Asker: 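Okay, here's the structure, questions in a sec.
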Amino acid sequence: DTAVSQTPKYLVTQMGNDKSIKCEQNLGHDTMYWYKQDSKKFLKIMFSYNNKELIINETVPNRFSPKSPDKAHLNLHINSLELGDSAVYFCASSQRLEETQYFGPGTRLLVL
Amino acid sequence: GEDVEQSLFLSVREGDSSVINCTYTDSSSTYLYWYKQEPGAGLQLLTYIFSNMDMKQDQRLTVLLNKKDKHLSLRIADTQTGDSAIYFCAERAGLPLWDAGGTSYGKLTFGQGTILTVHP
């Protein structure tokens with residue numbers, strides 16, 4: 001059973017489109033995260049939710065909107081996609097904010 | 001702000017030991033982590049060390065922490081071709097959420113990754 005899963009695994013889309021990436025964890029964790037990994041493999045946190053509440057919001061364009069319908073899910077919606085949004089997006093979760101994070105397999109987004 | 005740096009490349013022969021180094025700047029770090037990313041895959045947690053420890057061993061992996069120099073290393077004994085991957089060092093900021101304004105506690109800061117290539 002996959003602990004942290006993401007869909008889709010690959011996403012190819014045109015500039016200007018709106019798309020969503022979904023994340024689910026079955027670990028019973030309270031905290032979930034979104035990270036962006038750029039073409040140089042640099043990983044940077046975007047958002048963190050604890051018990052469905054936003055607690056970390058790094059400097060991310062407001063075209064990116066996370067939504068947490070419940071503790072086990074954290075989705076990422078991106079409006080008006082741009083070329084620079086092409087990256088691998090990783091979801092992660094941890095029991096609490098200060099505990100070890102476990103990552104999903106990543107969603108490879110390519111904006112044409 | 002926090003900064004984590006690693007060397008970008010390491011090449012070793014199968015059977016040799018690999019040592020991947022990492023330096024960080026945040027003196028309030030609580031935990032330091034090593035993650036492995038295989039080609040086309042997600043990040044896999046390898047091991048972590050609490051900041052009041054100076055060494056942790058887990059089978060072929062040995063983590064050394066020099067808190068004074070803010071230097072972390074990962075040693076892989078008897079390196080195998082299956083160990084070829086990108087290895088990320090990460091540090092967790094130690095400031096409590098309410099003191100840090102909610103922007104640094106719990107946040108992991110990653111290094112840029114070290115690409116380990118193992119030759120037969």
Side-chain angles (χ1 to χ4, degrees), chain A residues 2-10 21 23-25 27 29-51 53-60 74 87-110, chain B residues 1-9 20 22 28-51 56 58 63 85-116:
Chain A
T2 307
V4 183
S5 59
Q6 297 178 227
T7 53
K9 191 171 179 182
Y10 299 96
I21 308 171
C23 177
E24 177 180 2
Q25 53 95 3
L27 298 166
H29 287 170
D30 286 347
T31 310
M32 296 184 73
Y33 312 80
W34 277 110
Y35 285 84
K36 180 181 179 181
Q37 185 180 43
D38 63 23
S39 57
K40 294 181 181 171
K41 304 296 185 185
F42 186 62
L43 264 163
K44 195 167 163 65
I45 191 164
M46 300 172 71
F47 302 102
S48 174
Y49 269 72
N50 188 58
N51 274 318
E53 189 179 328
L54 180 67
I55 51 169
I56 293 177
N57 184 355
E58 291 294 294
T59 308
V60 175
L74 180 62
V88 183
Y89 292 84
F90 286 102
C91 176
S93 74
S94 62
Q95 180 58 56
R96 280 179 288 276
L97 185 57
E98 66 273 22
E99 296 195 10
T100 301
Q101 294 178 23
Y102 295 88
F103 284 74
T107 294
R108 283 142 189 84
L109 171 66
L110 177 61
Chain B
E2 308 90 4
D3 193 22
V4 179
E5 294 202 355
Q6 304 175 234
S7 50
L8 291 181
F9 302 99
I20 303 170
C22 171
S28 69
S29 294
T30 53
Y31 287 91
L32 295 119
Y33 299 84
W34 285 104
Y35 284 87
K36 177 184 179 183
Q37 185 179 29
E38 294 181 9
L43 276 82
Q44 172 196 354
L45 177 66
L46 280 181
T47 187
Y48 63 93
I49 189 168
F50 188 49
S51 59
K56 181 178 179 181
D58 184 1
V63 179
I86 304 176
Y87 290 80
F88 290 93
C89 163
E91 65 94 18
R92 177 184 297 286
L95 294 174
L97 183 67
W98 45 93
D99 286 351
T103 59
S104 65
Y105 188 49
K107 186 174 82 168
L108 281 188
T109 301
F110 285 83
Q112 65 269 53
T114 298
I115 300 173
L116 173 64

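Per chain, numbering begins at 1; letters A, B, ... match sequence-line order. No hydrogens, no waters, no symmetry mates; every other heavy atom, side chains included, goes into these values. From a predicted model like this one, the values you see are computed outputs, not experimental measurements.
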Asker: For A:Lys9, which residues count as a side-chain contact (heavy atoms from CB on, under 4.5 Å) partner, sequence neighbours excluded?
Answerer: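 By the side-chain contact (heavy atoms from CB on, under 4.5 Å) rule, A:Lys9 matches no residue at all.
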
Asker: Side chain from CB out, backbone as N, CA, C, O: work out which of these in B:Gln44 comes under 4.5 Å of a heavy atom of chain A, or both, or neither.
Answerer: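 No part of it gets close to chain A.
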
Asker: Could you give the distance from CG (B:Leu108) to OH (A:Tyr33), rounded to the nearest 0.5 Å?
Answerer: 7.0 Å

Asker: So, taking the atom named CG in B:Leu8 and the one named NZ in A:Lys41, what distance separates them when rounded to the nearest 0.5 Å?
Answerer: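 Taking CG in B:Leu8 and NZ in A:Lys41, the distance rounds to 13.0 Å.
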
Asker: Which distance, rounded to the nearest 0.5 Å, do you find between the CZ of B:Phe110 and the CD of A:Gln37?
Answerer: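 The CZ atom of B:Phe110 sits 9.0 Å away from the CD atom of A:Gln37.
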
Asker: Rounded to the nearest 0.5 Å, how far apart are CG of A:Asp38 and CD of B:Gln112?
Answerer: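 CD of B:Gln112 is found 11.0 Å from CG of A:Asp38.
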
Asker: To the nearest 0.5 Å, what is the distance between OH on A:Tyr102 and OH on B:Tyr35?
Answerer: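 Rounded to the nearest 0.5 Å, the OH-OH separation comes to 8.0 Å.
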
Asker: Pick one of side chain, backbone, both or neither for B:Leu43, based on which atoms fall under 4.5 Å of a heavy atom in chain A.
Answerer: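 Looking at B:Leu43, backbone and side chain both touch chain A.
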
Asker: Considering only heavy atoms and a distance below 4.5 Å, find which of B:Gly111, B:Ala41, B:Gly113 pairs most often with chain A.
Answerer: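 Among B:Gly111, B:Ala41, B:Gly113, the one with the most close pairs to chain A is B:Ala41.
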
Asker: Select one option (side chain, backbone, both, neither) describing which atoms of A:Ser94 are under 4.5 Å from chain B's heavy atoms.
Answerer: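 The answer is neither part of A:Ser94.
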
Asker: A:Lys44 versus chain B, heavy atoms under 4.5 Å apart: side chain, backbone, both or neither?
Answerer: neither

Asker: Within this structure, what is the OH-OG1 distance for the pair B:Tyr48 and A:Thr100, rounded to the nearest 0.5 Å?
Answerer: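 Nearest 0.5 Å value for the OH-OG1 distance: 4.5 Å.
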
Asker: Could you tell me which residues satisfy salt bridge (Lys or Arg N to Asp or Glu O under 4.0 Å) with B:Glu5, sequence neighbours excluded, listed by chain and number?
Answerer: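 Expected list: none.
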
